[in-house]
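Scroll down for the structure; my scribbles are underneath it.
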2 protein chains.
Amino acid sequence: MASSLAPLVLIILRRQESYGYQIIQELREKSGGQMAVAEGTLYPVLKKMEAKKWVEGVWKKADSGRERRYYKLTSNGTQELEQQYSQLNFVSQLIHKLWNLPLSTSSNL
Amino acid sequence: MASSLAPLVLIILRRQESYGYQIIQELREKSGGQMAVAEGTLYPVLKKMEAKKWVEGVWKKADSGRERRYYKLTSNGTQELEQQYSQLNFVSQLIHKLWNLPLSTSSNL
DNA sequence: TGCTATACTTAGAACTTCTAAGTATGTTTG
DNA sequence: CAAACATACTTAGAAGTTCTAAGTATAGCA
């Protein structure tokens, strides 16, 4: 369960343009193998993000001779990412706040 | 978009038992109005969590005379919460890690 | 030549969340 | 007292996301 893949992908593309297969590898590596996103999950997400103009995709022939679809962030996507990133931080902070509230030690009823 | 409501609810119930309507209020208050969960979203989630034995629900008559269904964490639910909480922290840290990687300044192709 | 890694596609199922109703009871206010 | 409002829970259906599980195709290697 990726729990909202889009921001993770946008963050990766913020650093440098990339393509589907590599994004999957990077997520797996950077997460120490914890985050295993299936191809059937990621590729439709990339298409949806392209349709929303968050990213721009172009076909390029790699040195290997293979065709790859490289994606890069648009300015739209940068805005979107900033919003989603701060939203994620907000929720994360809310969770910590709730977690750290003192536990009730006796019945409250 | 609540982005996985279950852990938030479990965290609230970890502090003290509560009921649906109050959980909605608490989420709204503690989030400064940012997190507005609809009743039609929360109540089915509570039922699902009860079916999974993460929480236990009982009907009680409140001082007001109203019937409420109070939920409290089971030991099962405590285990589940610990797992989900560390999973959330993991993803949150991964996101920060990826965000803070140096941006590429020139073409990488 | 056959296997493995790379690279992308697609259909359908499962799950989550939201919308938008509805029901019922207690409280407040004109 | 009646109307309006806040409390409290229910449910059906739509929309959105992710997973499963296929499939296609090419490059490199044994």
Side-chain angles (χ1 to χ4, degrees), chain A residues 1-10 12-13 17-29 31 33-52 54-71 80 84 87-88 91 109, chain B residues 1-10 12-13 17-29 31 33-52 54-71 80 84 87-88 91 109:
Chain A
M1 276 147 214
S3 180
S4 208
L5 197 48
L8 281 165
V9 172
L10 292 176
I12 286 176
L13 294 180
E17 62 182 75
S18 186
Y19 55 95
Y21 200 82
Q22 192 176 51
I23 292 172
I24 290 171
Q25 308 306 319
E26 182 161 357
L27 280 175
R28 199 174 50 210
E29 286 160 23
S31 70
Q34 299 297 295
M35 183 140 285
V37 180
E39 303 181 10
T41 303
L42 180 63
Y43 287 112
V45 166
L46 284 171
K47 289 192 173 177
K48 211 194 77 183
M49 296 199 310
E50 187 169 15
K52 288 186 178 176
W54 296 352
V55 299
E56 235 177 65
V58 290
W59 287 104
K60 287 186 196 172
K61 198 183 283 288
D63 291 345
S64 64
R66 304 293 304 269
E67 287 289 321
R68 295 170 181 161
R69 189 154 182 87
Y70 282 89
Y71 293 94
E80 181 64 28
Q84 291 198 19
Q87 177 64 20
L88 282 167
V91 172
L109 302 175
Chain B
M1 277 150 211
S3 178
S4 208
L5 194 50
L8 282 165
V9 172
L10 291 177
I12 287 177
L13 294 181
E17 61 182 78
S18 186
Y19 55 95
Y21 200 82
Q22 191 176 50
I23 291 171
I24 290 171
Q25 309 305 319
E26 182 161 356
L27 280 174
R28 198 174 54 212
E29 286 160 24
S31 70
Q34 299 297 295
M35 183 140 285
V37 181
E39 301 181 10
T41 302
L42 180 64
Y43 288 111
V45 166
L46 285 171
K47 289 192 174 178
K48 211 193 77 185
M49 296 199 310
E50 186 168 15
K52 288 185 178 176
W54 296 352
V55 300
E56 235 177 64
V58 288
W59 286 105
K60 288 186 196 170
K61 198 183 284 287
D63 290 345
S64 63
R66 305 291 306 268
E67 286 290 321
R68 296 169 180 162
R69 189 154 182 86
Y70 282 89
Y71 293 94
E80 182 63 29
Q84 291 198 18
Q87 177 63 21
L88 283 168
V91 172
L109 303 176

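Residue numbers start from 1 in every chain, and the chains themselves are labelled A, B, ... in the order their sequence lines are given, proteins ahead of strands. For the numbers below, each heavy atom of this structure counts, side chains included, while hydrogens, waters and symmetry mates do not.
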Quick one: which of D/dT7, D/dT10, C/dT19 gets closest to the side chain of B/Thr41?
C/dT19

With sequence neighbours excluded, what pairs up with B/Ser18 under the side chain to side chain contact (heavy atoms under 4.5 Å, CB included) test?
B/Leu13, B/Gln22, B/Ile23

Across all chains, not counting sequence neighbours, the salt bridge (Lys or Arg N to Asp or Glu O under 4.0 Å) partners of B/Glu67 are B/Lys61

Look up atom CD in B/Glu80 and atom NZ in B/Lys52, then write down how far apart they are to the nearest 0.5 Å.
7.5 Å

With a 4.0 Å cutoff (strictly under), does any side-chain N or O of B/Lys47 reach OP1 or OP2 of D/dT10?
yes

Could you tell me which residues satisfy ring-ring contact (aromatic ring centres under 6.0 Å, His included) with B/Tyr19, sequence neighbours excluded, listed by chain and number?
B/Tyr70

Nearest-Å distance for atom pair CG/C1', residues B/Leu42 and C/dT17:
12 Å

Return the set of residues passing ring-ring contact (aromatic ring centres under 6.0 Å, His included) with B/Tyr43 (not counting sequence neighbours), or none when no residue passes.
none

Provide, to the nearest angstrom, the distance between the CG atom belonging to B/Leu5 and the C1' atom belonging to D/dT17.
16 Å

Taking only the side-chain nitrogens and oxygens of A/Arg69, find out if one of them lies under 4.0 Å from OP1 or OP2 of C/dC8.
no

Which heavy-atom pair separates B/Leu88 from B/Pro7 by the least distance, and what is that distance?
CD1-CB, 3.7 Å

Residue pair B/Val58 / B/Glu56, side-chain heavy-atom distance below 4.5 Å
no

Spacing between A/Glu67 atom CD and C/dT6 atom P, to the nearest angstrom:
18 Å

Nearest listed nucleotide, side chain of B/Glu39, among D/dT18, C/dC8, D/dA8
D/dA8

Protein proximity profile, nucleotides 25-30 of chain D - base contact B, sugar-phosphate-only contact S, no contact -, cut-off 4.0 Å on heavy atoms
BBS---

Does a nitrogen or oxygen in the side chain of A/Tyr43 sit under 4.0 Å from OP1 or OP2 of C/dT9?
no

Working to the nearest 0.5 Å, report the span between CG of A/Leu5 and CG of A/Leu42.
6.0 Å

Selection residues 39-50 of chain B - residue pairs positive for salt bridge (charged side-chain N to carboxylate O under 4.0 Å, His left out), sequence neighbours left out:
B/Glu50-B/Arg69

Taking five pairs at each terminus, the helix from C/dT1-D/dA30 to C/dG30-D/dC1 shows an axis bend, to 10°, of 10°

So if I take residues 19-28 of chain A and measure heavy-atom distances to DNA chain C, which residues fall below 4.0 Å?
A/Tyr19, A/Gly20, A/Tyr21

For the side chain of A/Trp59, counting heavy atoms from C-beta on, which of D/dT20, D/dA8, C/dC8 is nearest?
C/dC8

Using a 4.5 Å cut-off on heavy atoms from C-beta on, say whether the side chain of B/Trp54 contacts that of B/Gln84.
yes

Distances for protein N or O near nucleotides 11-15 of chain C N or O, under 3.5 Å:
none

For B/Thr41 against B/Val45, the heavy-atom pair lying closest together:
O-CG2, 3.3 Å

Identify which one of A/Leu10, A/Leu46, A/Val9 satisfies the side-chain contact (heavy atoms from CB on, under 4.5 Å) criterion when paired with A/Tyr71.
A/Leu46

For B/Glu26, which residues count as a salt bridge (Lys or Arg N to Asp or Glu O under 4.0 Å) partner, sequence neighbours excluded?
B/Arg15, B/Lys30

Report the distance from atom CG of A/Leu46 to atom C1' of D/dT17, rounded to the nearest whole Å.
14 Å

Hits for side chain to side chain donor-acceptor pair (under 3.5 Å) against B/Arg28, two or more places apart or cross-chain, chain-then-number order -> B/Gln25

